[in-house]
Amino acid sequence: GPCYCDQACTRTLDCCHDYGQACPVIPCVVSQWSAWSGCAEPCKTTYRVRTRHIVQEPRNGAEPCPALEERAGCVEYWSRQETECQQSLIPALITTGGFGKGRKRRAAADGNERTGYCVEFQLVSLGPGCLQGQRSHGRWTRDLREGHTVCVECQQPALLPPRQHCRGDGSGSHLNQLLHWQAVGNHRCKGTWRRIRQLDTCSCPSVHSFLFI
């Protein structure tokens, strides 16, 4: 009689003699991944999604289809109304304070007298990569220590209109909120800190002094 492609026969051991030829395994086939979506919610650490669909269902004992959805971490720094999110979301890019001497000379030459401001932070955590700065421009990260108070200066040209602030300065953050920073010149050196206060007229000390980029 006819051979019915009922894969249960492989368990009950009563398959037709020509089951393998009459009922070949038909694997699952899925489409290519779609493009990644935007973040699920703006102005917070969340996720983005991409999907695919089934082109051919598996049959005759084939393996089940793989996952049809993937998620990945995501942060959007602009709201749905195209306004900038709170600064607490944006990691601060910092470099050694010595880099600022050349900046100040250029600002004076351009006739820009805006002096900027400083922000004091307490370092909460830093990655092990901070101790491994090998290049000359990355060795300053070895001086970073958890618990230390650091002074970070916001100068031209890092001042952004219209509020004349540096990205990642933590303005708008809550008291004791953990904020993120990243060292320029050593991509493995990053961590968290807490904003202590802003100094509108400042001169950061030579030790533990940094710049917003």
Side-chain angles (χ1 to χ4, degrees), residues 39 42-45 74-79 81-127 129-130 133-146 148-213:
C39 291
C43 296
K44 64 171 60 176
T45 303
C74 182
V75 177
E76 283 180 358
Y77 298 141
W78 296 88
S79 72
Q81 291 75 38
E82 297 298 319
T83 58
E84 194 173 13
C85 301
Q86 286 187 352
Q87 288 298 296
S88 58
L89 273 178
I90 303 174
L93 297 178
I94 62 170
T95 189
T96 177
F99 183 69
K101 296 177 182 178
R103 262 188 178 177
K104 289 178 178 177
R105 285 195 299 268
R106 287 193 297 273
D110 293 341
N112 193 329
E113 300 301 325
R114 168 72 174 167
T115 56
Y117 58 91
C118 289
V119 184
E120 289 184 348
F121 298 92
Q122 182 183 31
L123 284 170
V124 176
S125 68
L126 58 153
C130 297
Q134 298 298 324
R135 301 178 185 174
S136 58
H137 62 269
R139 289 178 185 165
W140 58 271
T141 62
R142 295 189 228 176
D143 295 329
L144 295 168
R145 294 291 183 274
E146 291 179 2
H148 281 180
T149 297
V150 296
C151 178
V152 188
E153 189 169 357
C154 178
Q155 307 173 337
Q156 288 287 358
L159 287 163
L160 299 175
R163 293 191 295 118
Q164 292 295 302
H165 70 96
C166 281
R167 183 159 290 166
D169 68 355
S171 57
S173 62
H174 305 300
L175 183 65
N176 291 326
Q177 182 175 351
L178 283 181
L179 308 171
H180 294 269
W181 57 268
Q182 167 73 60
V184 174
N186 182 353
H187 69 278
R188 298 180 59 202
C189 181
K190 53 189 172 182
T192 59
W193 55 22
R194 288 190 180 94
R195 180 183 169 108
I196 299 174
R197 60 176 176 163
Q198 178 172 320
L199 305 171
D200 291 328
T201 56
C202 71
S203 177
C204 284
S206 57
V207 181
H208 303 144
S209 174
F210 307 100
L211 284 178
F212 290 110
I213 295 296

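Worth knowing before you read on, the calculation uses all heavy atoms, side chains too, and leaves out hydrogens, waters and symmetry mates.
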Exercise for the section: Identify the two heavy atoms, one from Q177 and one from R194, that lie closest to each other, and give their separation to 0.1 Å. Expected result: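 In terms of heavy atoms, the two residues are closest at O-CG, 3.8 Å.
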Completion exercise
Note: H165 and C154 closest approach over all heavy atoms is C-SG, 4.0 Å
Problem - For E120, side chain to side chain donor-acceptor pair (under 3.5 Å) partners two or more places apart - result: R197
Fill in the blank from the handout: OG of S171 to CZ of R195, rounded to nearest 0.5 Å, is 6.0 Å
Exercise for the section: Any chance you could measure Q155, atom CD, to I213, atom CD1, to the nearest 0.5 Å? Expected result: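 Nearest 0.5 Å value for the CD-CD1 distance: 9.0 Å.
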Practice task
May I have the step-by-step check of side chain to side chain contact (heavy atoms under 4.5 Å, CB included) for L93 and R167, ending in yes or no?
Solution key: CA-CA 8 Å; L93 297 178; R167 183 159 290 166; over 6 Å; no
Practice task
Please step through side chain to side chain contact (heavy atoms under 4.5 Å, CB included) for the pair I94 and W193, ending with a clear verdict.
Solution key: CA-CA 12 Å; I94 62 170; W193 55 22; 3.8 Å; yes
Problem - Partners passing side chain to side chain contact (heavy atoms under 4.5 Å, CB included) against Q122 (at least two apart in sequence or in another chain) - result: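 Partners of Q122 by the side chain to side chain contact (heavy atoms under 4.5 Å, CB included) criterion, ordered by chain and then number, come out as I196.
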Exercise for the section: Could you list the residues that satisfy side chain to side chain contact (heavy atoms under 4.5 Å, CB included) with L126, not counting sequence neighbours? Expected result: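 Scan of L126 (side chain to side chain contact (heavy atoms under 4.5 Å, CB included), adjacent residues dropped) gives C130, L144, E146, W181.
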Practice task
Using the side chain to side chain contact (heavy atoms under 4.5 Å, CB included) rule, pick out the option among V119, L159, T95 that qualifies with F212.
Solution key: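 Per the side chain to side chain contact (heavy atoms under 4.5 Å, CB included) rule, the option paired with F212 is V119, out of V119, L159, T95.
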Exercise for the section: Please answer whether the main-chain N or O of C166 pairs with a side-chain N or O of Y117 as donor and acceptor at a distance below 3.5 Å. Expected result: yes
